[in-house]
Engineer: 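This structure is in structure tokens; I'll ask about it shortly.
These values consider heavy atoms only, across backbone and side chains, with no hydrogens, waters or symmetry-generated copies.
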Amino acid sequence: LGFTMEVLEAGGNVTNLVLVDTAGSAFKLVIGRIFNGNIALGPPGQFVQSGQITPLQPNWYVAKISFSGDAEADTVRLFVNPDPEVVPADDEAFLTYTGNGLNDQTINGIFMRAENAPTCVSNFDDIYMGSSYADILPVTALDIAKYNPVSENFEYPADEDVAGNGDATN
């Protein structure tokens, strides 16, 4: 599962993408920002959480879900802004949920959630599901490049000309 989420106005509240069972008990897997600003991963009431992701900019989230197919624990690894050129290694995950919270569950929908007052304002984009890393990459790497910030210090002396032709060598 891969998707883009940008929190525009946090307000100290919740915004996340949730895998759901539309015919049963709703929320099955939560991925996103929770009330304290942390990122959460896992079933409701069982999720793990970790440090804040920079708000007010888009972030690309990739969740690798490994279902055991039986009563053994399932594993979900969440990667934030991974390199689109390289399949991320399991130990590079930002968060890892391991547990039985997904066993015997039906997941048949995706729900974009914002709650509480004031409500979080967020954008979701490029939501892909697939069985491989290549399946969930946005159409072009240019879509992902915007998540890797580039900065330049523009403190040039007054009246100084900036020369060059826009490539990396000038």
Side-chain angles (χ1 to χ4, degrees), residues 1-7 10 12-55 57-116 119-120 122-141 143-148:
L1 169 67
F3 67 96
T4 301
M5 182 176 71
E6 177 180 18
V7 178
N13 292 301
V14 174
T15 184
N16 39 52
L17 185 124
V18 184
L19 300 184
V20 298
D21 173 3
T22 58
S25 59
F27 298 173
K28 300 301 178 187
L29 179 70
V30 173
I31 305 169
R33 186 182 190 281
I34 57 175
F35 66 93
N36 62 6
N38 286 347
I39 298 300
L41 172 68
Q46 298 179 36
F47 56 75
V48 293
Q49 59 180 304
S50 188
Q52 297 186 15
I53 298 296
T54 305
Q57 75 176 32
N59 289 289
W60 184 49
Y61 297 85
V62 173
K64 179 181 177 184
I65 305 170
S66 301
F67 295 105
S68 65
D70 56 26
E72 297 297 317
D74 298 316
T75 302
V76 183
R77 291 178 178 85
L78 181 65
F79 304 91
V80 181
N81 300 322
D83 183 342
E85 303 283 324
V86 180
V87 176
D90 290 349
D91 63 356
E92 296 173 342
F94 179 76
L95 281 174
T96 300
Y97 164 80
T98 301
N100 296 325
L102 300 176
N103 289 356
D104 301 321
Q105 302 293 332
T106 297
I107 297 173
N108 59 8
I110 296 176
F111 181 74
M112 289 165 276
R113 174 181 175 211
E115 69 176 34
N116 298 333
T119 302
C120 280
S122 56
N123 288 330
F124 290 87
D125 197 7
D126 294 323
I127 300 171
Y128 292 88
M129 295 188 83
S131 58
S132 72
Y133 191 59
D135 290 343
I136 56 93
L137 290 174
V139 178
T140 68
D143 291 341
I144 298 170
K146 63 186 172 189
Y147 310 123
N148 300 316

Engineer: If you measure from CG on D83 to CD on E92, what distance do you get to the nearest 0.5 Å?
Structural biologist: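 If we round to the nearest 0.5 Å, D83:CG and E92:CD are 9.0 Å apart.
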Engineer: Can you list the residues that meet the side chain to side chain donor-acceptor pair (under 3.5 Å) rule with D135, with sequence neighbours excluded?
Structural biologist: S131, S132
Engineer: For the side-chain contact (heavy atoms from CB on, under 4.5 Å) test, which of I136, L29, L78, I31 pairs with L1?
Structural biologist: I31
Engineer: Which value, rounded to the nearest 0.5 Å, describes the distance between L95 atom CG and N38 atom CG?
Structural biologist: 9.0 Å
Engineer: Are any non-hydrogen side-chain atoms of L19 and I110 less than 4.5 angstrom apart?
Structural biologist: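 Touching, per the 4.5 Å side-chain cut-off.
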Engineer: Which pair of non-hydrogen atoms, one from A89 and one from F79, has the smallest distance, and what is that distance?
Structural biologist: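 Heavy atoms only, the tightest pair is O-CE2, 3.2 Å.
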Engineer: Between F94 and I39, which heavy-atom pair has the shortest distance, and what is it?
Structural biologist: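 Answer, listing the atom of F94 first, then I39: CE2-CB, 3.9 Å.
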Engineer: Taking side-chain contact (heavy atoms from CB on, under 4.5 Å) as the definition, give me every residue that meets it alongside T98, ordered by chain and number, with sequence neighbours left out.
Structural biologist: A73, T75, T96
Engineer: Please find the pair of heavy atoms, one from F47 and one from A40, that lie closest to each other, and give the distance.
Structural biologist: CD1-CB, 3.6 Å
Engineer: Mind listing the closest non-hydrogen atom pair of V18 and K28 along with its distance?
Structural biologist: CG1-N, 4.3 Å
Engineer: Please work out which of the three classes, parallel, tilted or perpendicular, describes the rings of W60 and Y133, given edges at 30° and 60°.
Structural biologist: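 Judged by the thresholds at 30° and 60°, the geometry between Y133 and W60 is tilted.
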Engineer: Mind checking the CD1-CG spacing from I65 to D74? Nearest 0.5 Å is all I need.
Structural biologist: 9.5 Å
Engineer: Does the side chain of M112 come within less than 4.5 Å of I127's, by heavy atoms?
Structural biologist: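 Side chain of I127 against side chain of M112, heavy atoms only: contact under 4.5 Å found.
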Engineer: Would you compute the distance between atom OH of Y61 and atom CG of L41 and round it to the nearest 0.5 angstrom?
Structural biologist: 11.5 Å
Engineer: Quick one: ring-ring contact (aromatic ring centres under 6.0 Å, His included) partners of F111, sequence neighbours excluded?
Structural biologist: F27
